[in-house]
Protein chains: 2
Amino acid sequence: MNEIKKMLDNENIKPTYERLSILQYLEKNHNHPTVAMIYEELVKKIPTISKTTVYNSLNLFMEKGIVAPLYITGSEVRYDLSTSQHHHFLCEQCGKIYDLTIDCPYLNKNTIEGHQIKQKHGYFRGICKSCLEKDKSQK
Amino acid sequence: MNEIKKMLDNENIKPTYERLSILQYLEKNHNHPTVAMIYEELVKKIPTISKTTVYNSLNLFMEKGIVAPLYITGSEVRYDLSTSQHHHFLCEQCGKIYDLTIDCPYLNKNTIEGHQIKQKHGYFRGICKSCLEKDKSQK
DNA sequence: TTCATATTTGAACTCATTACAAATATTAAA
DNA sequence: TTTAATATTTGTAATGAGTTCAAATATGAA
Ligand SMILES: [Mn+2]
Ligand SMILES: [Mn+2]
Ligand SMILES: [Zn+2]
Ligand SMILES: [Zn+2]
């Protein structure tokens, strides 16, 4: 909770209960959630919270760079805390998004072929380890 | 035109005029277009063509693996001919998507941390070389 | 308290994509 | 060539994620 408040303070974002809750959700759940997932969970605790507030807050966090969007599925944005750079794996079967801890020679570059880099994204799609094992045992 | 017909034949896709035109557009324009861009261009030549046909055809091409979707912008899908694997750069200022010819140590892998890989995506966002130069001269 | 400002809320709206059924084209019997 | 079965295209309606916007609420200073 303290870490989270610091992140907001650093960016001069007023730490409202809603914003803190959203950021707290992202810190506790490393599941790269959708807006719907965040909202469905938070509304249990904050029955009055609005989906628009979730959108507003996440957009603000993205502008300030403390949250990063993942455009992977093609249907809706997934959100990730902007901690250290890492790659992702999307399972086409169960929909889960995994963090990958692989080396990438471009993570510390800030320019490429003359273009100025602001964000780097590396991701893979396929069938995850867990789904592969499930499929094998069922066959 | 012959190359294109072969691609469809290889996948047992009936080479209709609409499908050929869509694939031909992708072969001639390496601009990673949206459905709207493809439609707007083709409707000049084929006034009866439907946007749904563009969607249907591209979805079919993707299933067969001859076209690859790019989920980069977050707002709409961009399409690319599935030629050799390559990375992309999206300019946040002009919206253009560039092909990058950079080396990547993961392009020939088909499994990672136990997950089975079907698709690999690497892309960068920022300000493109052309926009940087324009900005500098205007300042 | 009073006023100004920031934040939240909910409803209306936008827009990309999909669903679906009717229209049209194609192909294979008969 | 007709006829019937199948594939493809088309247009409209529906879906759903995300945005817009104005009203409601909260915050904080004067
Ligand atoms: Mn992650
Ligand atoms: Mn490309
Ligand atoms: Zn899985
Ligand atoms: Zn540019």
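Chain A is the first sequence line, chain B the second, and so forth, proteins listed ahead of strands; every chain is numbered from 1.
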Length of the line joining [X]:[atom1] and [N]:[atom2], which is rounded to integer Å:
| X | N | atom1 | atom2 | result |
| --- | --- | --- | --- | --- |
| B/Tyr17 | C/dT24 | OH | C1' | 17 Å |
| A/Ile13 | D/dT27 | CD1 | P | 18 Å |
| B/Ile38 | C/dA16 | CD1 | P | 14 Å |
| B/Tyr71 | C/dA16 | OH | P | 16 Å |
| A/Ile22 | C/dT9 | CD1 | C1' | 13 Å |
| B/Glu18 | D/dT9 | CD | P | 5 Å |
| B/Leu58 | C/dA16 | CG | P | 15 Å |

Between A/Thr53 and C/dT9, does any side-chain N or O lie under 4.0 Å from OP1 or OP2? yes

With a 4.0 Å limit, can you tell me whether B/Thr16 has a side-chain N or O closer than that to the phosphate oxygens OP1/OP2 of D/dT9? yes

Do A/Ser130 and A/Lys134 have side chains that approach each other closer than 4.5 Å (heavy atoms only, starting at C-beta)? yes

Salt bridge (Lys or Arg N to Asp or Glu O under 4.0 Å) with A/Arg125: which residues, sequence neighbours excluded? A/Glu92

Rounded to the nearest 0.5 Å, what's the gap from SG on A/Cys91 to CD1 on A/Ile97? Could you check? 10.5 Å

Are the side chain of [X] and the backbone of [Y] linked by a donor-acceptor contact shorter than 3.5 Å?
| X | Y | value |
| --- | --- | --- |
| A/Arg78 | A/His32 | yes |
| B/Ser57 | B/Thr53 | yes |
| B/His86 | B/Ser84 | yes |

Earlier contact from the 5' end, DNA chain C, for A/Tyr39 and B/Lys14: A/Tyr39

B/Leu132: which other cluster members, linking ILVMFWY side chains closer than 4.5 Å, directly or transitively? B/Ile127

To which residues is B/Phe89 joined in a hydrophobic cluster, defined by side-chain heavy-atom contacts under 4.5 Å among Ile, Leu, Val, Met, Phe, Trp and Tyr, whether direct or through other members? A/Tyr106, A/Ile112, A/Ile117, B/Tyr98, B/Leu100, B/Ile102, B/Phe124

Where at least one partner belongs to residues 35-48 of chain A, residue pairs that pass side-chain hydrogen bond (donor to acceptor under 3.5 Å, both in side chains), sequence neighbours excluded: A/Glu41-A/Lys44

Sugar-phosphate means primed atoms, P, OP1 and OP2; the rest is base. With that split, encode nucleotides 13-24 of chain D 5' to 3' as B, S or - using protein heavy atoms under 4.0 Å. ----SBBB----

What residues in residues 42-49 of chain A put a non-hydrogen atom under 4.0 Å from any atom of DNA chain C? A/Thr48, A/Ile49

